[in-house]
Amino acid sequence: APSPTGLLHIGGLRSALFNWLWANHQNGTFVLRLEDTDRTRFVADAEAQISQSLTLLGLDPDESPRSGGPYGPYRQSERLTIYQEYAKKLIEQGSLYRCWCSQERLEDLRQQAQSQGRAFKYDRHCLLSQNQKSEHDPHVLRFRVPAEPTTIGWDDAVRGKLSVTTDTLDDFVAVKADGYPTYHFANVVDDHLMKISDVLRADEWIPSTPKHLLLYQAFGWQAPVYAHLPAVQGPTGGKKLSKRDGAQSVRDYLDDGYLPEALVSFLATLGWNDGTTQEIFTVAELIAKFSLDRVQKSPARFDKTRLTWVNGKFLRSLTATSLEPRCQQFWPAIARETPAKYRQAVLGLVQDRLETLKDLPGLTSFFFTDPQPAANPDTDTTAVLRQALEALQKSDFSLADLETRLRALSRELHMKPGQLFAPIRQVVTGTKTSPGLFETLHVLGKATVVRRLERACG
């Protein structure tokens with residue numbers, strides 16, 4: 001469950017995708033719950049961005065704050081009375097106790113522990129003191145870790161068997177002084193009440209899992225299956241993914257010309273594989289193949305070059321007709337004034353060279369605007385262009401006729417085809433490289449090609 005404390009970036013998106021795939025693989029329910037109890041870090045528009053990110057990738061939840069569901073509300077800030085009820089139960093049975101210690105006292109204890117080279121553990125001053133304050137005075141609620149050391153273990157669906165001994169655990173805070181629960185307390189109560197069977201989350205939560213299991217034991221509830229996912233690191237490994245390496249939002253990637261299905265396929269392979277050499281997956285394939293036993297333990301490396309390669313594969317797998325409506329924001333502005341059928345024809349010529357949709361303007365601008373005239377061609381080149389102009393003026397501009405006339409002209413001039421085609425391409429497109437010349441001339445049309453050649457010939 002995400003916290004609305006900022007934008008949902010690649011690591012969180014990958015976790016959401018794995019949850020969505022696993023839920024759909026098992027014909028289960030994918031739940032979006034907003035864990036907004038950290039009010040000091042709350043960002044007002046983060047919830048909208050999280051929901052939009054999931055929708056843009058096609059990962060719409062079955063239950064969420066927006067869509068509702070049988071176990072709502074799905075914002076933790078709206079469930080405070082529920083947490084109060086369950087906290088009261090644990091207070092009555094002695095699993096939670098009130099702590100009135102000031103931040104200054106706690107900081108002194110931490111510094112003492114640090115100077116002595118040991119981990120900080122709360123000294124249970126408020127549990128053992130005979131001078132307890134009133135429950136109406138500001139206080140937190142701490143969980144009472146069993147005094148006798150015991151082993152807390154679980155069979156992690158990714159990591160295998162994991163365990164710790166309780167003497168390494170602190171009496172952690174379950175409910176803060178402002179009345180809001182901590183993540184530890186709220187997620188346990190919510191997962192139980194919402195009938196969550198499987199929790200897939202980042203491996204940074206492994207140290208917290210024993211605390212959650214102790215809470216489950218205190219309540220007498222069955223814990224869900226935990227699967228802790230590998231971290232997503234930068235392309236060289238060894239460090240957390242930074243924005244420079246690709247830690248952007250979904251909207252950023254879509255604005256950069258990446259397709260949602262390419263992002264999904266790429267994200268799915270960040271820490272998971274199906275045991276084959278397949279590198280690109282449709283959503284249907286991912287749902288069918290996804291399993292937790294194929295999630296790797298070691299950190300995944302984010303490689304934007306590979307994402308771009310995957311995106312290019314998806315771009316080339318679509319028909320020009322289906323791809324063109326998805327290109328609207330990427331065409332040169334003047335292109336939007338042309339018929340969709342013309343844009344589809346242009347797209348069909350450059351599609352094989354696209355890596356992202358942001359490549360469109362650079363590859364297609366000459367289809368919509370006359371290129372800047374090059375330096376005046378020399379006398380010989382001008383003569384060749386004039387003969388090309390004469391040949392093309394007689395053409396019906398079908399592909400077959402264009403090829404027939406220009407190849408015949410190259411033989412007549414005793415020139416290799418490339419020697420003839422190069423100046424024509426330069427004048428007509430303003431570039432030395434373009435899609436096939438005959439296809440380019442055909443799509444541009446007779447009037448445009450003739451006009452550009454006449455301008456060049458003077």
Participant: Verify the neighbour count for atom CD of Q114: are there more than 12 heavy atoms of other residues, nucleotides or ligands below 6.0 Å?
Facilitator: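 Incorrect, the count does not exceed 12.
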
Participant: Please confirm whether the backbone N or O of T338 pairs with a side-chain atom of R343, one donor and one acceptor, at under 3.5 Å?
Facilitator: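 Between the backbone of T338 and the side chain of R343 there is a qualifying donor-acceptor contact (under 3.5 Å).
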
Participant: Taking the six-membered ring for Trp, is the centroid-to-centroid distance between W272 and F281 below 6.0 Å?
Facilitator: yes

Participant: May I ask you to test the S77-R39 pair for a side-chain heavy-atom distance under 4.5 Å?
Facilitator: yes

Participant: How far apart are the C-alpha atoms of E47 and R75, what are their side-chain angles, what is the distance that settles it, and do they pass the salt bridge (Lys or Arg N to Asp or Glu O under 4.0 Å) test?
Facilitator: CA-CA 10 Å; E47 178 183 331; R75 295 183 188 91; 2.8 Å; yes

Participant: Does any non-hydrogen side-chain atom of Y253 lie less than 4.5 Å from one of L307?
Facilitator: yes

Participant: Please check if the side chain of E63 supplies one atom and the backbone of Y74 the other of a donor-acceptor pair under 3.5 Å.
Facilitator: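 No; judged by distance alone, with no hydrogens or angles, the pair does not exist.
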
Participant: Side-chain contact, heavy-atom cut-off 4.5 Å: I280 with W309?
Facilitator: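 Yes, their side chains come closer than 4.5 Å.
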
Participant: For the rings on H212 and Y183, is their centre-to-centre separation under 6.0 Å?
Facilitator: yes

Participant: Donor-acceptor check, side chain of S64 to backbone of S67, threshold 3.5 angstrom: yes or no?
Facilitator: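 Yes; judged by distance alone, with no hydrogens or angles, the pair exists.
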
Participant: If you draw the axis of the six-membered ring of Y97, does the NZ or CZ of R144 fall within 45° of it and under 6.0 Å from the ring centre?
Facilitator: no

Participant: Would you sort out whether D171 and R124 count as a salt bridge (Lys or Arg N to Asp or Glu O under 4.0 Å), showing the intermediate values?
Facilitator: CA-CA 8 Å; D171 281 5; R124 292 187 167 177; 2.6 Å; yes

Participant: Could you walk me through whether E285 and K289 satisfy the salt bridge (Lys or Arg N to Asp or Glu O under 4.0 Å) test, starting with their C-alpha distance in whole Å, then the side-chain angles of each, then the deciding distance to 0.1 Å, before giving a yes or no?
Facilitator: CA-CA 6 Å; E285 288 174 326; K289 294 186 174 191; 5.5 Å; no

Participant: Does Q222 have more than 12 heavy atoms from other residues, nucleotides or ligands lying within 6.0 Å of its CD?
Facilitator: no

Participant: Assess the residue pair R201 and E35 against the criterion (salt bridge (Lys or Arg N to Asp or Glu O under 4.0 Å)); give the C-alpha distance rounded to whole Å, side-chain angles, the decisive distance to 0.1 Å, and a yes or no.
Facilitator: CA-CA 14 Å; R201 61 188 183 187; E35 300 192 333; over 6 Å; no

Participant: Establish, from distance only, whether the side-chain atoms of T168 and T165 form a donor-acceptor pair under 3.5 Å.
Facilitator: no

Participant: Could you tell me which non-hydrogen atom of H139 sits nearest to which non-hydrogen atom of E135, and how far apart they are?
Facilitator: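 Residues H139 and E135, closest heavy atoms: CE1-O, 2.8 Å.
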
Participant: Is it true that the side chains of Y83 and D190 contain a donor and an acceptor less than 3.5 Å apart?
Facilitator: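 Short answer, yes.
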
Participant: Please give me the minimum heavy-atom distance between P230 and R159, naming the atom from each residue.
Facilitator: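 Nearest pair, atom of P230 first, then R159: CA-NH2, 3.6 Å.
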
Participant: For the pair T321 and T319, evaluate side-chain hydrogen bond (donor to acceptor under 3.5 Å, both in side chains) and give the outcome as yes or no after the intermediate values.
Facilitator: CA-CA 5 Å; T321 302; T319 65; 4.7 Å; no

Participant: Taking Q328 for its side chain and E324 for its backbone only, find out whether a donor-acceptor pair lies under 3.5 Å.
Facilitator: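 At least one qualifying donor-acceptor pair exists.
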
Participant: On the 0 to 90° scale, with breaks at 30° and 60°, tag the F172-F143 ring pair as parallel, tilted or perpendicular.
Facilitator: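 Judged by the thresholds at 30° and 60°, the geometry between F172 and F143 is parallel.
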
Participant: Whether the T404 and D401 side chains hold a donor-acceptor pair (N or O, under 3.5 Å, no angle test) is what I'd like checked.
Facilitator: no

Participant: Is the NZ or CZ atom of R294 positioned over F290's six-membered ring, under 6.0 angstrom from the centre and within 45° of the axis?
Facilitator: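 So R294 doesn't make the cation-pi contact.
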
Participant: Taking the six-membered ring for Trp, are Y86 and F185 ring centroids under 6.0 Å apart?
Facilitator: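 No, the ring centres sit 6.0 Å or more apart.
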
Participant: Side-chain contact, heavy-atom cut-off 4.5 Å: L214 with S95?
Facilitator: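 The answer is no; the side chains never approach within 4.5 Å.
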
Participant: Are any non-hydrogen side-chain atoms of V295 and L200 less than 4.5 angstrom apart?
Facilitator: no

Participant: Checking side-chain polar atoms at under 3.5 Å, does Q49 have a donor or acceptor matched by the opposite partner on S53?
Facilitator: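 Checked: Q49/S53 side chains pair up, N/O donor to acceptor below 3.5 Å.
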
Participant: In the structure I gave you, are the side-chain heavy atoms of F219 and H192 within less than 4.5 Å of one another anywhere?
Facilitator: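 They are not in side-chain contact.
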
Participant: Heavy atoms, side chains only, cut-off 4.5 Å: are Y216 and P224 in contact?
Facilitator: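 Y216 reaches P224 side chain to side chain.
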
Participant: Does a side-chain heavy-atom distance below 4.5 Å link T209 with L162?
Facilitator: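 A side-chain contact under 4.5 Å is absent here.
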
Participant: May I ask you to decide if P73's main-chain N or O and R79's side chain share a donor-acceptor pair within less than 3.5 Å?
Facilitator: yes

Participant: Around R41, counting heavy atoms of other residues, nucleotides and ligands shown, do more than 12 lie under 6.0 Å from its CZ?
Facilitator: no

